[in-house]
Amino acid sequence: MADYKDIINQYKDLPGGIIEAYHAVQREYSYIPEEAVEAAAAAFKRSKAEAYGVATFYSYLKVGKRGKNVIRICESAPCHVAGADAVIAALEKELGMKMGESTADGKFALELTECVGQCQATPVITINSKPYENVTADKVAAILTEYK
Amino acid sequence: MLIIELIKLTINGKEVGAPTGSTVLQAAELAGIEIPRLCYDKDLSPLGACRLCVVEVKGNRLLPASCVTPIFAGMEVQTESEAVVEARQTILELLVANHPLDCMTCDKMGDCKLADYAYKYGVKDSSFAGATHQYAIDDSNPFIIRNLNKCILCGACVRACEELIGKDNLSYLNRGFHRKATTAGDVDYIESDCVFCGQCVAVCPTGALTEKTMAGQARRWDIKRVQTTCPFCGTGCNFDLAVNDGKVIGSLSNPNSPVNGRNLCVKGRFGWDFMYSDKRLTSPLIKKDGKFVEAGWDEAYDLIAKRFNEIKAKYGPDSFASLSSARCTNEESFLTQKFTRAHMGTNNCDHCAGACHAPSVAGLTNSFGSGAMTNVISEISSEAELLFLIGINPTESYPVVGYKMRQAHRNGCNLVVCDPRRTELAAEADIWLQQKHGTDIPLLNGLMHIIIKEGLEDKEFIATRTENYEAMKALAAEYTPGRVSEITGVAVEDLYKVARLYATTYKAMAFYSLGITEHICGTRNVMSVANLAMLTGHLGRPGVGVCPIRGQNNVQGACDMGALPNVYSGYQSVTDKAAKEKHQKAWGAPMPDKVGLKIPEMFEAAYEGTVKSMYILGENPVLTNPNANHIKEALEKLEFLVVQELFLTETAQYADVVLPGASFAEKDGTFTNTERRPQRVHKAVEPLPGKADWEVICEMVTRMGYPMSYNHPGEIWAEMASLSPSMAGISYERMEKESVHWPCTSADHPGTPILHIGKFTRGLGGFQPNEHIPPGELPDKDYPILLCTGRVMQHYNVTTQYSAGIAEVWPREMTEVHPQEAAKLGLVTGSKMRVTSRRGSVVTTAWVTDKVQPGVIWMSHHHSETPTNELTSPFVCDIAGTGEYKVCAVKIESA
Amino acid sequence: MAEEMRIVLRNYGKIDPLKIEDYIAAGGYKALEKAKGMGQQALIDEVKKSNLRGRGGAGFNTGMKWSFSYGIKTDQKYVVCNADEGEPGTYKDRIIMENDPQSVLEGMAICGYAIGANKGYIYCRGEYPCMVEMLNKAIDQAKAKGCLGDFDIEVRMGGGAYACGEESALIESIEGNRGEPRFKPPFPPVIGLWGKPTIVNNVETFANIPAIVDKGADWYKAIGNAKYPGTKVMTLTGDITNKTFVEVPTNTSIRQVLNDFGGGVAGGKKFKAVQIGGTSGGFIPEAFLDTQLNFDDMSAIGATLGSGAFFVMDESRDIVDVVARIAKFFAHESCGKCTPCREGTMRMEEIMERVNDRHGDAADLDRMGRLGRVMTKACLCGLGQAAPSPVLTTMQHFKDEYLSKFN
Ligand SMILES: Cc1cc2nc3c(=O)[nH]c(=O)nc-3n(C[C@H](O)[C@H](O)[C@H](O)COP(=O)(O)O)c2cc1C
Ligand code: SF4
Ligand code: FES
């Protein structure tokens with residue numbers, strides 16, 4: 001795994017690039033290690049408090065460990081009326097955990113999200129930002145096998 | 001005259017005018033209409049986020065926040081319309097829904113804006129009850145209790161930390177309902193980078209941030225506020241002591257403070273509790289058979305009178321010497337030098353200015369004719385375009401000045417720092433010159449060389465305002481960039497950059513402090529800074545000048561009062577006939593002719609046996625003077641020593657009689673800050689020993705046979721002013737109303753913030769060319785490490801170690817060691833280590849950091865368990881006699 | 001039968017979006033050239049005259065906005081394309097960018113020329129990582145071909161924050177800060193990104209620009225409804241037969257879109273409501289279905305055109321349940337800077353959930369009415385101001401559904 005310091009340093013001359021750096025760290029780690037927040041503060045000449053503030057503002061950024069494959073289920077109104085609740089239940093059952101948790105083996109994290117802009121095919125889930133359309137409870141297991 | 005155009009608008013039907021660029025809130029304020037606000041704070045940037053200040057503006061479908069809405073001509077504003085009141089009530093209800101309603105026991109009750117507005121708008125409880133925050137209360141530190149359940153997210157603390165202090169320790173975490181104003185990673189204050197300046201507490205409108213010392217001590221409305229001046233450094237911050245039941249319980253910002261506004265550092269805000277240390281002396285002590293025994297005042301006075309008079313009779317007046325204090329009031333210093341001269345008949349009176357800024361007085365007097373700071377602190381933020389710092393570490397030693405500098409820098413003022421050590425401001429500076437220790441003269445000469453070579457000198461200023469330029473030019477010619485770079489270790493291109501920047505910036509202000517003065521060539525260093533300023537015409541205007549920042553709260557005042565061996569108050573020479581006659585007449589006693597002894601000379605004389613008795617008021621030379629072991633031997637040889645002190649200090653241990661002192665909170669008087677500004681110290685509580693120091697001096701001296709009687713320190717000041725032309729226009733009455741800078745020669749004189757306008761005090765400014773003089777002792781084979789010393793932010797020279805809170809956060813000496821050295825000895829931060837010089841050896845704790853260069857260690861001198869000055873150099877400034885605290889050779893080992 | 005009209009989607013399905021040659025062959029980048037020949041002032045006047053109004057929701061005259069920045073003398077200005085597309089039920093910007101990225105770049109470059117900016121940013125939502133890649137490829141191709149001249153475009157990625165669609169929050173986010181809106185004035189065209197004049201326009205707005213420059217203001221302003229001329233891309237979701245997108249002139253009615261393009265309510269069920277403009281839009285009952293899809297007509301019925309989301313609910317839908325879900329959205333997305341929104345969205349969610357769970361009472365409706373009224377007027381930014389709209393419009397048009405939860 002690439003060192004987060006090296007990842008961050010690639011962005012340090014980009015004005016305002018701290019968010020881009022966080023995204024890049026997450027692509028590698030799936031989350032932002034706390035030390036990476038401090039490293040980003042130093043690289044972007046920001047206070048540590050601000051670096052934390054930025055990292056904790058955005059719902060796609062996560063400070064501290066979470067599962068490797070991040071499953072997000074859209075809960076916005078169009079997906080909600082299309083039956084997102086049932087998909088959530090299926091995911092929770094399949095993975096043996098609740099929304100907002102990570103599996104014990106560190107493979108999956110399960111999160112709610114708001115609209116991901118694929119409303120032509122609700123309900124939608126994304127895994128590592130890749131969208132899956134028209135998801136129903138019975139499709140969940142098959143989708144997950146790709147990542148197991 | 002500046003004509004400010006007024007814009008006309010109506011507020012609540014009333015036509016009002018306000019300057020262009022005003023906000024609705026400001027315009028309303030001008031019209032005497034108060035608009036409720038929670039996040040607005042006039043000292044902070046606008047946020048516009050609490051929305052309590054919303055108003056109705058005709059033609060606007062929204063209710064804009066008045067604190068950020070600019071006015072326009074013809075605007076029609078309603079500040080209490082039905083919609084506005086509904087909005088305010090609802091917003092308050094929303095806040096109350098998520099706020100613990102424990103007002104009965106809340107320490108902020110009575111000074112809580114949320115409670116005030118809830119009362120005003122009749123918000124008794126909330127119809128929006130629901131989830132509430134359940135944050136853990138942070139009382140991890142001795143100063144501040146942080147209960148974020150009471151936080152209304154006005155962001156004042158975040159802005160204060162960033163904008164007033166520049167510490168940036170706070171920001172927001174998370175978003176929405178879970179947004180939280182807190183530290184990086186939400187750690188407790190004690191684990192964060194917090195410096196405990198307490199500005200966050202000062203600006204918090206609710207009970208979220210409160211002073212721990214005040215918890216449960218008093219309701220806010222019972223607190224008496226007593227305005228006073230900080231006793232911890234030369235900046236001269238004001239604050240109010242919070243007093244209840246005859247006890248000081250806290251220190252509160254006073255927005256009217258001329259120097260600091262609401263800003264303070266940890267010492268001013270939280271260090272005052274030293275006054276309640278159980279180590280305070282409360283009654284006189286007389287040493288009997290080598291042991292101190294408590295005694296009554298009469299017994300002590302009798303013994304002192306008898307012995308001082310006997311010794312004077314036996315060995316002559318010059319066998320007596322006195323030390324006044326840079327920490328006591330002006331009035332007490334005045335009395336000390338008065339009785340030394342008028343009753344003891346000698347000019348042997350000094351105070352520790354000799355140990356720090358005597359070179360400033362000597363050097364600047366030589367160059368300009370006056371030894372004081374030429375300009376004033378407020379110009380840092382209001383005028384300066386470049387701050388040039390050399391040998392000064394403001395954020396630690398004079399934090400409020402440092403904060404101002406950081407603020408100015410962030411607002412676009414350039415910052416150049418010359419310092420061997422990576423101080424906070426060095427790290428933030430536009431250019432940091434890291435000269436080798438003790439190479440300031442060649443550095444300054446090198447800058448002058450470049451300026452002259454490039455024709456950037458101020459020719460007209462040089463021609464009309466100065467003398468001896470040719471000699472200066474000839475000397476500077478020798479200091480070529482190449483040579484200077486070799487001596488100082490500073491890159492040639494950086495020398496060019498700084499020289500050009502300083503010379504071409506119209507408003508460039510130079511600051512220095514003990515990093516310049518505490519050298520074998522201290523006075524010459526000072527004169528070299530003065531040379532640079534004269535060369536570029538950076539004097540006699542706003543935003544320029546040569547500004548020594550004084551270390552101690554009243555070192556300026558102690559000098560002004562004549563607690564010096566060569567001058568009376570107001571710098572009137574003791575060898576001047578007229579001054580002498582004036583004083584003889586006023587004091588009804590003959591005045592001694594001879595210039596007296598300076599501190600090092602006094603101790604030398606004591607060691608040699610010519611000085612036999614001493615009176616020391618509030619000074620601790622054993623801890624603070626260099627080569628401390630030598631001082632101890634000198635004190636041992638005295639026949640009689642009286643020390644007047646708050647605590648049984650290292651020096652007091654050597655006394656025959658110890659008189660208990662009163663703290664700054666227990667007496668009236670004045671302190672004069674570094675910018676020549678005398679300010680009142682008001683008595684907040686009764687003195688612990690029953691008497692203030694000025695009373696004790698009067699009684700003691702009267703008992704010695706020289707009557708001294710004053711009803712109030714104001715009478716002492718009045719006597720001083722009547723004898724000192726430069727302060728004649730300043731009185732207690734005037735100080736209550738305004739604070740002015742001396743010279744101020746008459747009651748209608750406005751005071752003199754800027755010296756040397758149009759003409760130097762000495763006439764023409766004198767260039768004083770100086771050659772490089774290396775430190776007296778440099779590392780060698782046996783002592784391979786360079787020791788540099790200084791102050792840390794948490795501590796003041798003395799007293800702060802008796803503050804329970806400060807002792808808790810900064811309990812011991814932490815010696816900075818470069819990782820290279822640390823690695824060699826296997827030291828990590830926290831390891832015990834031994835430091836040994838040719839004069840002494842101490843055990844200390846290592847702090848491994850690359851703030852210092854390899855081969856250098858840095859220590860402070862605040863802790864009696866690690867008496868750093870047992871190590872420091874015996875070399876002194878050849879002109880001012882100040883010790884070379886900044887450089888000596890040591891060896892280190894792990895202990 | 002109403003007809004589609006494709007202006008922003010003019011190249012949809014006709015070109016390979018990742019072949020700039022296709023775009024050029026279809027007449028791309030001619031408009032930029034033409035714009036440069038017109039001179040800045042004339043260009044801005046032309047855009048102003050076309051009466052193109054922002055497609056990001058606020059409906060402000062685009063040429064007018066540009067003129068504010070144009071008038072300021074300074075060393076640096078910026079053009080920002082708002083591709084945050086955070087309104088639930090909206091994906092029209094994605095469709096435009098996926099199918100014709102160069103038209104957006106060209107629109108930005110024209111704006112850059114008009115106001116005197118040489119740097120542009122596209123702020124693309126973090127939910128579209130593939131889009132970011134595509135945009136970067138398109139920019140590389142345009143640069144390689146020299147199409148953009150000295151105008152530089154950089155893509156920045158959002159992080160999952162709806163508030164960052166608000167232009168000043170978006171600017172904060174590009175600067176690397178928390179995406180919290182700034183108070184206004186000053187407005188971004190005067191003081192924006194890094195304190196410099198900054199034009200923020202929506203993807204769809206920019207995609208319109210080359211066509212307007214190419215064919216002229218008179219051509220454009222004759223299309224659709226004169227007060228808000230041109231077309232609007234709508235994305236149809238919820239209980240509708242065709243979950244698709246359409247680009248229609250702005251005098252097309254809601255009913256026409258529902259029936260002619262959407263194929264009516266799915267499964268032959270009866271219509272109950274449509275929410276247009278995204279989650280912050282009002283709920284529209286049957287009675288208003290003949291309203292035209294343009295800014296002013298929609299405002300007149302207390303609804304919005306907004307982003308063009310078109311979310312249909314059939315007779316079986318529990319309005320209170322949907323609105324409760326929407327209230328949760330706002331509590332999740334409030335940035336938390338200002339009090340009424342931070343605390344208010346949370347309380348609105350709590351009350352809506354309580355009512356939806358049949359634990360509420362009539363006093364809750366008054367409470368929400370007052371809270372909604374206050375938030376609408378007193379919040380710092382459009383998020384908090386619009387958040388109560390679904391609650392307030394459903395309490396108005398579907399009050400029975402609330403009342404039915406009380407017994
Ligand atoms: C909460 C909130 C979210 C917004 N989200 C978007 C968005 O996703 N895309 C967008 O173009 N405009 C959005 N806007 C509107 C922008 O603030 C801004 O008005 C718009 O980008 C201007 O472009 P236009 O003039 O081309 O419409 C949003 C506004 C608010 C208050
Ligand atoms: S209205 Fe909401 S999103 Fe907008 S500033 Fe206020 S808290 Fe933030
Ligand atoms: S005081 Fe104006 S919004 Fe807070």
Side-chain angles (χ1 to χ4, degrees), chain B residues 23 38-39 45-57 60-65 67-70 72 81-99 114 126-133 152-155 171-181, chain C residues 159-164 168-169 177-186 299 328-354 361 363-364 366-385 387:
Chain B
T23 61
L38 285 168
C39 69
S45 67
L47 193 69
C50 76
R51 313 304 286 181
L52 199 68
C53 71
V54 292
V55 291
E56 196 162 322
V57 175
N60 190 336
R61 70 181 169 91
L62 302 171
L63 297 174
C67 69
V68 291
T69 300
F72 55 83
S81 71
E82 211 180 303
V84 166
V85 170
E86 181 181 64
R88 293 211 185 117
Q89 276 170 341
T90 305
I91 289 168
L92 288 166
E93 271 190 49
L94 288 168
L95 288 170
V96 164
N98 194 8
H99 192 95
L114 181 61
S126 180
S127 50
F128 298 111
T132 55
H133 295 310
I152 55 164
L153 283 165
C154 70
S171 182
Y172 307 98
L173 217 62
N174 307 325
R175 74 180 188 211
F177 189 74
H178 305 287
R179 187 167 179 269
K180 189 176 183 188
Chain C
Y162 168 71
C164 286
S168 63
N177 302 327
R178 297 165 56 80
E180 295 177 358
R182 300 172 178 174
F183 56 79
K184 288 171 250 165
S299 302
K328 185 174 173 191
F329 169 85
F330 285 111
H332 186 244
E333 296 300 334
S334 165
C335 84
K337 181 174 178 175
C338 74
T339 317
C341 172
R342 177 183 66 244
E343 309 291 331
T345 51
M346 178 69 174
R347 299 311 167 203
M348 199 68 109
E349 180 197 345
E350 286 174 348
I351 300 171
M352 277 306 301
E353 262 163 26
R354 183 161 77 217
D361 56 32
D364 281 330
D366 293 343
R367 220 167 260 148
M368 289 197 291
R370 171 159 66 102
L371 179 57
R373 206 158 49 233
V374 168
M375 287 175 66
T376 305
K377 292 182 164 208
C379 281
L380 191 157
C381 87
L383 189 152
Q385 291 159 14

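Because only heavy atoms are used, hydrogens play no part in the values below, and waters and symmetry mates are left out as well, while side chains stay in. Lettering of chains follows the sequences in order, A, B, ..., and the numbering in each one begins at 1.
The backbone N or O of Thr339(C) sits nowhere less than 3.5 Å from a side-chain atom of Arg51(B) that would complete a donor-acceptor pair. Using modelled atom types, no side-chain atom of Glu93(B) and backbone atom of Phe128(B) make a donor-acceptor pair closer than 3.5 Å. With hydrogens and angles disregarded, no donor-acceptor distance shorter than 3.5 Å links the side chain of Arg367(C) to the backbone of Met348(C). His178(B) places no side-chain N or O within 3.5 Å of a backbone atom of Gly336(C) that could act as its donor or acceptor partner. For the pair Asp364(C) (side chain) and Asp361(C) (backbone), a donor-acceptor distance under 3.5 Å is present.
Heavy atoms closer than 4.5 Å to chain C are found in the backbone of Asn174(B), but not in its side chain. Neither the backbone nor the side chain of Arg182(C) comes within less than 4.5 Å of any heavy atom in chain B. Heavy atoms of Cys379(C) lying under 4.5 Å from chain B belong exclusively to its backbone. Only the backbone of Thr376(C) comes within less than 4.5 Å of a heavy atom of chain B; no side-chain atom from C-beta onward does. Both the backbone and the side chain of Arg175(B) have a heavy atom closer than 4.5 Å to some heavy atom of chain C. Neither the backbone nor the side chain of Leu92(B) comes within contact range of chain C; no heavy atom of the residue lies under 4.5 Å from a heavy atom of that chain. For Ala363(C), no part sits under 4.5 Å from any heavy atom of chain B, backbone or side chain.
No other option in Glu343(C), Arg354(C), Lys184(C), Glu333(C) has as many heavy-atom pairs under 4.5 Å with chain B as Glu343(C). In terms of heavy-atom pairs under 4.5 Å with chain B, the best-connected choice from Cys341(C), Ala163(C), Cys338(C), Pro181(C) is Cys338(C). With respect to chain B, the highest number of heavy-atom pairs below 4.5 Å among Glu180(C), Gln385(C), Arg347(C), Arg342(C) belongs to Arg347(C). Most heavy-atom pairs under 4.5 Å with chain C, from the set Ala83(B), Pro46(B), Pro70(B), Ala97(B): that is Pro46(B). The most heavy-atom pairs under 4.5 Å with chain C, out of Ala87(B), Ala131(B), Gly155(B), come from Ala131(B).
The two residues Leu47(B) and Leu380(C) come nearest to each other via the heavy atoms O-CD1, 4.3 Å. The two residues Leu153(B) and Ala181(B) have their closest heavy-atom pair at CD2-N, 3.6 Å.
Atoms CE and CE, on Met368(C) and Met352(C) in that order, are 5.0 Å from each other to the nearest 0.5 Å.
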